[in-house]
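First the structure, in the form of structure tokens, and then the observations on it.
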Amino acid sequence: MEIILKSRITEGLRILYNSEVSDDLVQIHETRKEFIGDFTLVVFPLLRFSKNTPEKTGETIGRYLMDTFPSVTGFNVIKGFLNLEISPSWWISCFGGMLAGDDLLGKCRSDDPETILIEYSSPNTNKPLHLGHIRNNLLGFSLYRILSACGHRVIKTNIVNDRGIHICKSMLAWQKYGKGETPAKSGIKGDHLVGKYYVLFEREYRKQADVLIADGMDPVEAKNNAPLLKEAREMLVKWEAGDPETMELWNMMNSWVYEGFNETYRKLGVDFDKIYYESDTYKTGRDIIYNALQEGLLHENGDSSIWADLTDEGLDQKLLLRSDGTAVYMTQDIGTAVLRHEEFGFDRCIYVVGNEQNYHFQVLKAILKKMNYTWSEGLYHFSYGMVELPEGRMKSREGVIVDADDLIAEMIETAREVSLELGKLSDFPGNEKGEIYRKIGLAALKYFILKVDPKKNMTFNPAESIDFNGNTGPFIQYTYARIRSVFRKAEEAGITFSRNISLTVGAGAKEIQLIKLLRRFAFTVTEAAKTYSPALIANYCYDLAREYNQFYHDFTILGETDQTVRDLRMGLSEITGKVLSTGMLLLGIEMPERM
RNA sequence: GGUCCUAUAGUUCAAUGGAUAGAACGAAGGUUUCCUAAACCUUAGAUCCAGGUUCGAUUCCUGGUGGGACUACCA
């Protein structure tokens, strides 16, 4: 409609003022609620063509549209805004399309589908996942759903950071203090068990350093000379050399961790098409760097370390291989990127990684460009904000952390408590109830995180549990459950409805309002894909649920005696339910039939 | 020092450069013989500061101030 109006207006301006007006000056948007009308034309930009006051210009254009365009049934001009009223029958017929089974996301399909690789999660194998990872996983997975909905081929990947000194720390601590403890024996989830030894290492290591400092050693030196750290370094050397015993330990403990991670991923409802391991890709990175060095794209320092000079890009020198030939983080990321491009030939590669690594990705892109990989243009760092506690950042080394598994369990438990308190689902068998609590608890968590603009830091206060009322996931689920309930009741009563809504049905303002909002869904999804923002969809779903709840409260649906009106209201309920569940699915949130 | 991000009710979040800045939580009050009250309705409450561009700025630009991150031969 906006497009038609726009072309009509452009045409009108040609006739009325003999002026060719460029497209972007004809600004049309939906009329704000507090004014009468459906669409609004901003007339200010057109004054230079009309050479008249905003009021007169609006009047003239409004009159022209009334006379030439039957769908426009009225207009008013307020302070330079021309509000156009569109005939209800246009809205009804627009809604009729949705009811007839038009693909809700049809308008989102890209004309130019791309292959998009998306990396998210990226855990270290020395400790369990925490709230920061939850935000990462949810954003990554939701972007996957959104971009897929827009017709792209999207590949979900994970890169596991399974090598480095931090892994050796937990291995060493387990070797020293573990007494053969395993997940099976202790009943502790694998990733938590390994995490326990990581924390233990840090504690013992700090004790040793403190002793050295007490003996009069310089603090920096003491931290470097603590026996435990030396042992960990030796272990890393053994690992790099492929020492069988070390490798065996490494494999065993990693397998525990992966089992633990998989459980968390499953609970969270995310998955991957392809998992890369840093222990594989760093070697590729090293080879690539040696090649690039030979081609003269990189340079060697006096101590035989290898560097990229990025001063042309306004960046610094960046180390790529240490003087002893071992790899750094960047080395591995270069390898991974090249491997991925060889394997998938992506158009875009989206890295879902926190904003603390903005510089890293700027450098990564610059280095790949310097190495003449033209596809590096398609790399995009989806930089999201940190999740902070009221006291500040989470610190895993100090145990100031919100554990992912604990939080998920807590949310489900809270869902159960709230439900019991409200006396819901009392006639349900236990296992079905459990499934609903799970959906609700996860929805609360996921929505809480996804409704926030990704690039902003957000605060999580463990003391105040996540809400279940107001602008929340359960609120939207509740709206959906209500709709389902209406249809169950309709079935019981033998009420069916016709999807051929009469164009002359007596639709009220609230019904039209809902139609307008429903119509905006596809636009919102497109916008969310363009701006990489699941938050837009979350907030849209909330608006729609609120609008529907008002409607539901003020009007009867099944009790309506005028059948054409009842058809319309049932139709609105059906589409609202579909849009809500489709929208929430794009966020990775499931909807319960009852709650 | 340099680079990047950010600043909106008491709190947590919204607002393609458009009209009277929206919600939620919290506070105060109200709605249930009727399709699920996890709902609905009232009331009180906010754009960090100073300039600039514009018919119009929460939004764009410049400069301050506050918060965060990065600037490792850690990952």
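A note on names: the letters A, B, ... follow the listed sequences, proteins ahead of strands, and every chain is numbered from 1.
The number of heavy-atom neighbours closer than 6.0 Å to CG of Leu25(A), taken from other residues, nucleotides and ligands shown, is above 12.
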ring-ring contact (aromatic ring centres under 6.0 Å, His included) evaluation trace for Tyr277(A) with Tyr258(A): CA-CA 12 Å; Tyr277(A) 297 91; Tyr258(A) 295 145; 5.7 Å; yes

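Of the two residues near RNA chain B, Thr31(A) and Asp324(A), the one whose nearest nucleotide lies more 5' is Thr31(A). For the pair Gly164(A) and Leu82(A), both in contact range of RNA chain B, the more 5′-proximal nearest nucleotide belongs to Leu82(A).
Comparing the C1' positions of C13(B) and A46(B) gives a spacing of 13 Å, expressed to the nearest Å. U12(B) and C49(B) are spaced 25 Å apart, taking the C1' atom of each and rounding to whole Å. Distance noted for atom C1' between A21(B) and U47(B): 7 Å (whole Å). On the P atoms, C48(B) is 12 Å away from G10(B), given to the nearest whole Å. A gap of 25 Å separates the C1' atoms of A44(B) and A7(B), to the nearest Å. Between G45(B) and A27(B), the distance separating the two C1' atoms is 10 Å to the nearest Å. Atom name P, nucleotides U32(B) and A37(B): the rounded distance is 12 Å, in whole Å. Spacing between C25(B) and A38(B) at atom P, rounded to whole Å, works out to 13 Å.
With hydrogens and angles left out, the side-chain atoms of Asn549(A) and Arg482(A) include a donor and acceptor closer than 3.5 Å. Under 3.5 Å, the side chains of Tyr548(A) and Ser573(A) contain a donor-acceptor pair of N or O atoms. Side-chain contact annotation: Arg520(A) with Thr524(A), donor-acceptor N/O pair under 3.5 Å absent. With hydrogens and angles left out, the side-chain atoms of Asn224(A) and Arg233(A) include a donor and acceptor closer than 3.5 Å.
Base contact: Pro45(A) has a heavy atom under 4.0 Å from a base atom. At the heavy-atom level, Val328(A) lies under 4.0 Å from the strands shown only through sugar-phosphate atoms. Among the protein residues, Glu278(A) comes within range of the sugar-phosphate backbone only, with heavy atoms under 4.0 Å from sugar or phosphate atoms but none that close to a base. Within the 4.0 angstrom heavy-atom criterion, no nucleotide atom of any strand lies near Asp333(A). Within 4.0 Å of Asp543(A), counting heavy atoms only, lies no atom of the nucleic acid at all.
Residue Tyr276(A) contributes atom OH, which lies 21 Å from atom P of A75(B) at whole-angstrom precision. In this structure, CZ of Phe35(A) is placed 7 Å from P of U20(B), rounded to the nearest angstrom. The OH-P distance, from Tyr282(A) to C74(B), rounds to 15 Å in whole Å. Taking atom CG on Asn358(A) and atom P on U3(B), their separation rounds to 15 Å, with Å as the unit. When rounded to the nearest whole Å, the span between NE2 of His133(A) and P of A75(B) equals 16 Å. Between the CG atom of Leu25(A) and the P atom of G17(B) there is a distance of 16 Å, given to the nearest Å. Regarding Leu47(A), its CG atom lies at a distance of 12 Å from the C1' atom of G56(B), rounded to whole Å. As a whole-Å value, the separation of Asn224(A) CG from C74(B) C1' is 12 Å.
Taking OH of Tyr17(A) as the start and CG of Leu47(A) as the end, the distance is 9.0 Å to the nearest 0.5 Å. Of the inter-residue distances, the one linking Ile289(A) atom CD1 with Ile334(A) atom CD1 reads 4.5 Å to the nearest 0.5 angstrom. To the nearest 0.5 Å, atoms CG (Leu450(A)) and CE (Met458(A)) are separated by 8.5 Å.
With a 3.5 Å ceiling on both atom-pair distances, the Watson-Crick or G-U wobble partner of A50(B) is U62(B). Look at C40(B): its Watson-Crick or wobble partner, with both distances under 3.5 angstrom, is G30(B). Nucleotide C25(B): paired with G10(B) (Watson-Crick or G-U wobble, both distances less than 3.5 Å). Pair assignment for G18(B): C55(B), on the basis of Watson-Crick or G-U wobble contacts that are both within less than 3.5 Å. Across all strands shown, G2(B) is found opposite C70(B) as a Watson-Crick or G-U wobble partner, with both distances under 3.5 Å. The base-pairing partner of C35(B), taking Watson-Crick or G-U wobble contacts with both distances under 3.5 Å, does not exist among the strands shown.
For Tyr329(A) and His360(A), the ring centers are positioned less than 6.0 Å apart.
The Arg32(A) side chain lies nearest to G22(B) when the options are C70(B), A75(B), G22(B). For Ile78(A), counting side-chain heavy atoms from C-beta on, the closest listed nucleotide (A69(B), A75(B), A19(B)) is A19(B). Picking from C74(B), A69(B), G18(B) the nucleotide with the shortest atom distance to the side chain of Val42(A) gives G18(B).
With respect to the salt-bridge test (charged N to carboxylate O, under 4.0 angstrom), the residues Lys127(A) and Asp191(A) do not qualify. Ion pairing of Glu435(A) with Arg416(A) is absent here, as no side-chain N (NZ or NE/NH1/NH2) approaches a carboxylate O to less than 4.0 Å.
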Base-contact (B) and sugar-phosphate-only (S) positions in nucleotides 26-40 of chain B, heavy-atom cut-off under 4.0 Å, - elsewhere: ---------BBSBSS

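Using a 30° and 60° split on the angle between ring planes, Phe487(A) and Phe497(A) fall in the tilted class, from 30° to 60°. Ring pair Phe201(A)/Tyr205(A) is parallel by interplanar angle, where below 30° counts as parallel and above 60° as perpendicular. Taking the six-membered ring where the residue is Trp, Phe44(A) and Phe81(A) present perpendicular rings, their angle passing 60° and hence far from 30°.
The side chain of Arg322(A) contributes an N or O atom lying less than 4.0 Å from OP1 or OP2 of C74(B).
Of the residues in residues 381-388 of chain A, Glu388(A) come within less than 4.0 Å of RNA chain B through at least one heavy atom, sorted by number.
With centroids closer than 5.5 Å and planes inclined by less than 30 degrees as the test, Phe81(A) and the base of A19(B) pass as a stacked pair.
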Distances under 3.5 Å between protein N/O atoms and the N/O atoms of nucleotides 9-16 of chain B, please, pair by pair.
| from | atom 1 | to | atom 2 | distance (Å) |
| --- | --- | --- | --- | --- |
| C13(B) | OP1 | Thr459(A) | N | 3.3 |
| A14(B) | OP1 | Asp453(A) | N | 2.4 |
| A14(B) | OP2 | Lys456(A) | NZ | 3.2 |

